[in-house]
Amino acid sequence: MNESVLIKHIVLVGQHLPLMMSAAILSSQLADQPVRISAVEIKGESTSQIESSGSEFMSLCDILKLPFKTVMQQCQGTFSLGQHYIYNQRDWFVPYGHFGIQPSNNEFIQGFLRLAHHDPSLKLESACIAAQAARLGKFAIPPTNRPDLHQALAFAVNLNADAYAQQLKQFALGHNVTFMPAINIEVTRSENQHIEAINLDGQQNITADFWIDCSGCLARLTAQDDVITTQSPSLYWNRQAQCMVDDEASFNQPYTRLHTSPWGWLKVIPLAGRVCIQLEYASQQVSEAEINQWLCDYWSLSATQATGIIHRQNQLTMREKAWQGNCLTVGDGAVNMSKLFFSELYFIQAALVQFLDSYPSLTNQKVSADWFNRQWQQFIEEANDYVQCHYGLIDQVNNTNTSLLSAALQQRLDMFERLGRLPPSNTDAVSDNAWYGLLAGCKTATSKQLTSLYLSNLSDEQLHDSLNKIKLSIDKLVAVMPRYRDFYQQFNRSQGY
């Protein structure tokens, strides 16, 4: 295959939500390009009942011009303002929105940490409108004339996975994507390992100029010499248990809960009158039967509910080169991290947006692939550092020292502990707000060196006065917000948004 080629036909191969998400994004963003898009839909069971997104869901709605409210209503969507952490007798809140009043808040956070150094009872979330609203069971979508509050009250959503997949498939069909079902595929490659064609069920040959592997179906048929683990092999959370439990209290909790268990991190996702419980664990430490018994005891599950506990394998790997030749691998085939902290769709959306930035029509694919792989490697390394930081906390609880912290993560932890700052990042894989929220909750900045000129001219009394004014402003805003239960019922009754 010529390295410089006009792409006239793109074929996506995959299953369920990863395939539908990819088809929707590409068909929307390439609608004005002379390219045909086909999607090979491999038969298989859905791996999840719930799609728990981050705040990127609203960006996706903007990109695709999806009717946000319609999607939410048809997919039984619920809202989340952030994560409530419970760890080692401490608890804190990490919002999707920002801390303080202004989005650019590094100076505010450093001033806050200076005060917290002398008064450990101070919590960063006390100066966050999203955290205060979540704690009080309140929620609102700000009006269009308050863009400042849209950033402060950024939210994630939890959707019925099957319904969401159908929504995205209908969107892709409306943008002229051709879907082809298959049970088995065979891949034909050229001497330079580019994909020449795939055969569907021994009957139909499909050719294309470029391929998108959405679920790892093509990657599983190729050499895996560039696959590396994203977690320490000596303490490997290689299994996940999941179950659904009725819980009316979920209507009062516009947030996700994350807390440590004897086995690993446990995540509780609020739905409409139910919660989805997800628990990661290491199979070499505990059996499925023991996990089932612990969940039954912890959540008072009946025998019938216990039969609904599902156990799945965690691969926890990533490919060093997601784009090879004329094929881009996205989703779990490219990077498979803990689903407690990043959804598969998050990585798919990020990879395809980056791919579209270097869309290789009429350009050199090798140059584009090399650039993409370098940028993508930085992206997933920072995301993996965020996950590893959570595993490091589990290590501390278990009094072990088995996490493999990267040099970048160690630098980030050291800088925060010494200076209350974060090093500059080359990616947007994890927001500064998420890093600050996590580290401020579980660690304490121990120094006030290298403060800004502005902060160095302020006394602690002046900082306290500023903080109290911010808290008062936040309290007034939260006071007029509706209860989450009331908002949710009204949201699902009304039309349009």
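Quantities reported herein were computed from a predicted structural model and do not represent experimental measurements. These values consider heavy atoms only, across backbone and side chains, with no hydrogens, waters or symmetry-generated copies.
Arg239 and Gln313 share a side-chain donor-acceptor pair at under 3.5 Å. Side chains of His390 and Tyr85: a donor-acceptor N/O pair is present below 3.5 angstrom, by distance only.
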Q: Might you work through the ring-ring contact (aromatic ring centres under 6.0 Å, His included) test for Phe155 and Phe139, ending with a clear yes or no?
A: CA-CA 10 Å; Phe155 57 84; Phe139 185 89; 5.7 Å; yes
Q. For Ser215 and His16, what are the C-alpha separation, side-chain angles and deciding distance, and is it a side-chain hydrogen bond (donor to acceptor under 3.5 Å, both in side chains)?
A. CA-CA 9 Å; Ser215 302; His16 308 300; over 6 Å; no
(Q) Asp332 vs Lys339, test: salt bridge (charged side-chain N to carboxylate O under 4.0 Å, His left out). Steps then yes/no. (A) CA-CA 10 Å; Asp332 283 351; Lys339 297 298 189 295; 3.1 Å; yes
Q. Stepwise, does the side-chain hydrogen bond (donor to acceptor under 3.5 Å, both in side chains) test hold for Glu196 with Thr207?
A. CA-CA 6 Å; Glu196 292 186 337; Thr207 60; over 6 Å; no
Q) Please walk me through it: do Asn205 and Asn199 pass side-chain hydrogen bond (donor to acceptor under 3.5 Å, both in side chains)? A) CA-CA 4 Å; Asn205 275 326; Asn199 181 273; 3.1 Å; yes
Q) Should Glu290 and Ser287 be marked as a side-chain hydrogen bond (donor to acceptor under 3.5 Å, both in side chains) after you check the CA-CA gap, both sets of side-chain angles, and the distance that decides it? A) CA-CA 5 Å; Glu290 290 173 307; Ser287 68; 3.2 Å; yes
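Judged purely by atom type and a 3.5 angstrom limit, Asn192 uses its side chain to pair as donor or acceptor with the backbone of His194. The backbone N or O of Ala282 lies less than 3.5 Å from no partner atom in the side chain of Asn238, so there is not a single donor-acceptor pair. In this structure a side-chain-to-backbone donor-acceptor pair under 3.5 Å is present from Asp213 to Leu218. No donor-acceptor pair closer than 3.5 Å links the side chain of Tyr386 to the backbone N or O of Phe342. Judged by distance alone, the side chain of Gln49 and the main-chain N or O of Met244 form no donor-acceptor pair under 3.5 Å.
Tyr391 and Trp265 have their aromatic ring centers separated by at least 6.0 angstrom. Residues Phe79 and Phe491 bring their aromatic ring centres within 6.0 Å. Checked against the 6.0 Å centroid threshold, Tyr436 and Phe99 do not count as a close aromatic pair. Between Tyr281 and His311, the distance from one ring center to the other falls under 6.0 angstrom.
Every residue meeting the side chain to side chain contact (heavy atoms under 4.5 Å, CB included) condition with Asn426, not counting sequence neighbours, appears here in chain and number order: Gln378.
In this structure, CZ in Arg274 is found 11.5 Å from CD1 in Ile269, a value given to the nearest 0.5 Å.
Applying the salt bridge (Lys or Arg N to Asp or Glu O under 4.0 Å) rule to pairs touching residues 369-387 yields Lys366-Asp370, Glu382-Arg412, sequence neighbours excluded. Contacts classified as salt bridge (Lys or Arg N to Asp or Glu O under 4.0 Å) and involving residues 165-174 (residues at least two apart or in different chains) are given here: Glu41-Lys169.
Checked options Gln242, Lys267, Arg312; the residue passing with Gln278 is Gln242 (criterion: side-chain hydrogen bond (donor to acceptor under 3.5 Å, both in side chains)).
Classification of the Phe379-Trp376 ring pair by plane angle, with boundaries at 30° and 60°, yields parallel.
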